[in-house]
Amino acid sequence: MTDFTQRLARLAQNPDALKGIARGLEREALRITSKGHLAQTAHPDALGAALTHRWITTDFAESLLEFITPVNTSVKGMLDELQDIHRFTYQQMGDEQLWPMSMPCVVASEDDITLAQYGSSNIGRMKTLYRQGLKHRYGSVMQVISGVHFNISLPETFWQHLYHSETVSQAAVTQGYFDLIRNYYRHGWMIPYLFGASPALCGSFIKHTDSPLSFEHMPSGTCYLPYATSLRLSDLGYTNNAQADLKIGFNTLEQYLEGVRRAIRTPSQQFAQLGIRDGDTYRQLNTNMLQIENELYAPIRPKRNAESGEKPTEALSRGGVEYIEVRSLDVNPYSPIGIEEDQVHFLDLFVSWCALSPSEPMSDSELNCWRDNWNKIVLEGRKPGLTLTTGCDGDTLTQAEWGRQVMAELKQLAKVMDQTVGDSRYERVCDKMIACFDNPELTLSGRVLADVIAQGGIGGVGLSLASEHKEALADVSYRVHSDADFLREAEDSAARQKAVEASDTQSFEQFLNAYFNDVPMAESW
């Protein structure tokens, strides 16, 4: 028997070991006008303070909202909370809507994009300055691409069964998560294949890039690739060529931390040309390969909740991996909340399978092989007969053949997970995804591109769906929270921001020097 079969057999003896999977979602969405242009208004006051709000904040721009659900062991409960957040937000937006696509709507000029503002505190100013650095390094238009991040933590009982031991150390759990991450790099191309939803984009986006891709053009200005799945994950979008040479490995926590810290401390000749200041105006936090850890572009990240004032790498070094963040999901344009229940169930399955499956250490060259597969999928994943490399030894399979092989094991796992929940939801989602490998046009990207072509462009599709979603959410009732809950949190977040601002005892320069006390600078503050 394979290691996967052995581990699954042990798990099947006690399927309740998978009870208690903890999940959370972060959904990004651009505020737009009724004509599909980027909203120029500030973050609505009624939503509270973006710096300190528990559920509603902003990402790169004032117009780029980010919704955050609390941790939940119920899929339905998590999605209900996300729906409540959307419902309240829409009530505070007036005539504005949320753009339902990952790739941005009409952006006439980079000057139309206002950096997110977080108040006058040192930490708030640092967050905006970090975004200023992203603007100068990569351009603002690239930074308003939206996605959905899926956070998942496997229960202690799962690790006990995986390691066949009643006592499992945090070090062993951490290593298990890194084994999972490597398998995600090997097989995670299935996520953009199935759920990529950005095969087309607005022509206004292309003019801000030097893209070498051979797009097909529609009279409306929409550009598309006929077999693309997720242009968001291509070099055109979320993935960044400037970080291609970073050597960050995923074999152990120590290797990962060493790689991230090296990137934060290594000066970049390219970014040094930007300078840190222009007179009295800051341009970026520093001139290193990464300003801070969050600048690392990756389809999956190891995470631990940080204590106050703690950096992400410090939290991981202190306590090991607590959960993983899947960052390769496009916004689902057909869902008012950007993601559907079937997607979450598939992610449950896929992440659990990545943890159960054998995972050999991975060299830099092997990691590059897997990245090549991802790039093929995002640019031409629905192409009939597309071949992927199954390793660095030259062996290949078509995406359909490989997908069916993985789905066969996922279906075995689905039967065990269905015993945990008492119905057949996981097997049903397996059958639905298997059909997508038989017919690529059933994938999200296939459906999106068919609608874009039928309706003459991405703008019409996006505006139509945005209106439908706003109307749909206006008609639903709160399921977990209430207006009173959100109004109270808005008031409390504003009070918390004022408290942060009042507690500052250092100048901004002193604050930055203290924060980067172990990071060499190309020029002094």
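A distance of 6.0 Å separates CG in Leu115 from OG in Ser140, rounded to the nearest 0.5 Å. Taking OG1 from Thr128 and NZ from Lys135, the interatomic distance works out to 12.0 Å, rounded to the nearest 0.5 Å. Annotation: the span from Ile21 atom CD1 to Asp348 atom CG amounts to 4.5 Å, rounded to 0.5 Å. The CG atom of Leu25 sits 10.0 Å away from atom CG of Asn72, with the distance rounded to the nearest 0.5 Å. Between atom CZ of residue Phe205 and atom CE of residue Met103 there is a gap of 3.5 Å, rounded to the nearest 0.5 Å. Rounding to the nearest 0.5 angstrom, the gap separating the OH atom in Tyr227 from the CG atom in Leu449 is 10.5 Å.
Checked against ring-ring contact (aromatic ring centres under 6.0 Å, His included), Tyr177 has the following partners two or more places apart in sequence or in another chain: Trp159. By the salt bridge (Lys or Arg N to Asp or Glu O under 4.0 Å) test, Asp483 pairs with no residue at all, sequence neighbours left out. Listed by chain and residue number, Tyr184 satisfy the ring-ring contact (aromatic ring centres under 6.0 Å, His included) test with Trp374 (two or more places apart in sequence, or in another chain). In terms of the salt bridge (Lys or Arg N to Asp or Glu O under 4.0 Å) criterion, residue partners of Glu489 (sequence neighbours excluded) are, by chain and number, Arg54, Arg496. Partners of Arg283 under the side-chain contact (heavy atoms from CB on, under 4.5 Å) rule, at least two apart in sequence or in another chain, are His136, Leu274, Asp278. Remark: Gln40 engages no residue in a side chain to side chain donor-acceptor pair (under 3.5 Å) (not counting sequence neighbours). Scanning for ring-ring contact (aromatic ring centres under 6.0 Å, His included) contacts around His86 gives Phe67, with sequence neighbours left out. Scored by the side chain to side chain donor-acceptor pair (under 3.5 Å) test, Thr222 finds Ser220 as partners (sequence neighbours excluded). In this view, Arg137 and Glu295 satisfy the salt bridge (Lys or Arg N to Asp or Glu O under 4.0 Å) rule, not counting sequence neighbours. Checked against salt bridge (Lys or Arg N to Asp or Glu O under 4.0 Å), Glu216 has no partners two or more places apart in sequence or in another chain. By the ring-ring contact (aromatic ring centres under 6.0 Å, His included) test, Tyr256 is found to be paired with Phe178, Phe250, residues two or more places apart in sequence or in another chain being considered.
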> So Cys105 and Gln97, side-chain contact (heavy atoms from CB on, under 4.5 Å) or not? Walk me through it.
Replying inline: CA-CA 12 Å; Cys105 54; Gln97 299 173 332; over 6 Å; no
>> For a side chain to side chain donor-acceptor pair (under 3.5 Å) check, start with the C-alpha distance between Glu322 and Ser153, then their side-chain angles and the critical distance, and finish with the verdict.
In response: CA-CA 7 Å; Glu322 185 177 7; Ser153 176; over 6 Å; no
> Does the pair Leu512 and Leu129 meet the rule for a side-chain contact (heavy atoms from CB on, under 4.5 Å), with working shown?
Replying inline: CA-CA 11 Å; Leu512 291 174; Leu129 176 54; 4.3 Å; yes
>> Please determine whether ring pair (Phe, Tyr, Trp, His ring centres under 6.0 Å) holds for the pair Tyr138 and Phe60, giving the CA-CA distance in whole Å, both sets of side-chain angles, and the decisive distance to 0.1 Å.
In response: CA-CA 12 Å; Tyr138 314 117; Phe60 175 80; 9.8 Å; no
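Looking at Glu509 and Asn513, their side chains never bring a donor and an acceptor atom within 3.5 Å of each other. A donor and an acceptor atom, one from each side chain of Ser493 and Gln497, are nowhere located under 3.5 Å apart. Inspection of the Ser230 and Asp330 side chains reveals an N or O donor paired with an N or O acceptor under 3.5 Å.
A donor-acceptor pair under 3.5 Å is formed between the side chain of Ser503 and the backbone N or O of Val500. Remark: side-chain polar atoms of Ser359 are paired, donor with acceptor, to backbone N or O of Asp179 under 3.5 angstrom. Proximity of a side-chain donor or acceptor of Glu81 to a complementary backbone N or O of Val480 within less than 3.5 Å is not detected. Within the 3.5 Å criterion, the main-chain N or O of Ser445 finds no donor-acceptor partner in the side chain of Thr229. Using modelled atom types, one side-chain atom of Ser198 and one backbone atom of Arg232 make a donor-acceptor pair closer than 3.5 Å. Judged by distance alone, the side chain of Asn251 and the main-chain N or O of Met362 form a donor-acceptor pair under 3.5 Å. Side-chain N or O atoms of Asp504 include one that pairs as donor or acceptor with a backbone N or O of Asn122 at under 3.5 Å. In this structure a side-chain-to-backbone donor-acceptor pair under 3.5 Å is missing from Ser268 to Asn288. Counting only distance, with no hydrogens or angles, the side chain of Asp485 and the backbone of Ser482 share a donor-acceptor pair below 3.5 Å. Judged by distance alone, the side chain of Gln284 and the main-chain N or O of Gly275 form a donor-acceptor pair under 3.5 Å.
For Lys311 and Tyr515, the positive end sits near the middle of the six-membered ring, less than 6.0 Å away and at most 45° from its axis.
Taking every heavy atom of both residues into account, Trp99 and Pro104 meet most closely at NE1-C, 3.7 Å. Across all their heavy atoms, Gly124 and Leu51 have their closest contact at CA-CD1, 4.2 Å. Nearest heavy atoms, Ala197 versus Val331: CB-O, 3.6 Å. The two residues Thr287 and Ile276 make their nearest non-hydrogen contact at CG2-CG1, 3.7 Å. Nearest heavy atom pair, residue Glu314 against residue Gly309, reads OE1-O, 4.2 Å. Of all non-hydrogen atoms in Ala355 and Leu154, the two that sit nearest each other are CB-CD1, 3.9 Å.
Looking at Phe350 and Val326, their side chains never come closer than 4.5 Å, going by heavy atoms from C-beta outward. By the 4.5 Å heavy-atom criterion applied to side chains, Ile324 and Ile152 are counted as neighbours. In this structure, Gln132 and Thr281 have side chains that are not in contact, with every pair of non-hydrogen atoms separated by 4.5 Å or more. Two residues are said to be in side-chain contact when any heavy atoms from C-beta on lie closer than 4.5 Å; Tyr282 and Phe508 meet this criterion. Contact check for Lys470 versus Leu98: no side-chain heavy atoms found under the 4.5 Å cut-off. In this structure the side chain of Phe271 never reaches within 4.5 angstrom of the side chain of Gln291, judged on heavy atoms. Phe195 is not listed as a side-chain neighbour of Ile339, based on a closest heavy-atom distance of 4.5 Å or more. Considering only heavy atoms from C-beta on, His217 comes within 4.5 Å of Cys223 through its side chain.
A salt bridge links Arg262 with Glu258: the distance from a Lys NZ or Arg NE/NH1/NH2 to an Asp or Glu carboxylate oxygen falls below 4.0 Å. Between Arg87 and Asp84 no salt bridge is recorded (no basic side-chain N to carboxylate O distance below 4.0 Å).
Note: His481 and Trp55 have tilted aromatic rings, judged against thresholds of 30 and 60 degrees for the angle between ring planes.
Residues Tyr118 and Tyr130 keep their aromatic ring centres 6.0 Å or farther apart.
The salt bridge (charged side-chain N to carboxylate O under 4.0 Å, His left out) analysis of residues 27-52, with sequence neighbours excluded, yields the pairs Arg31-Glu96.
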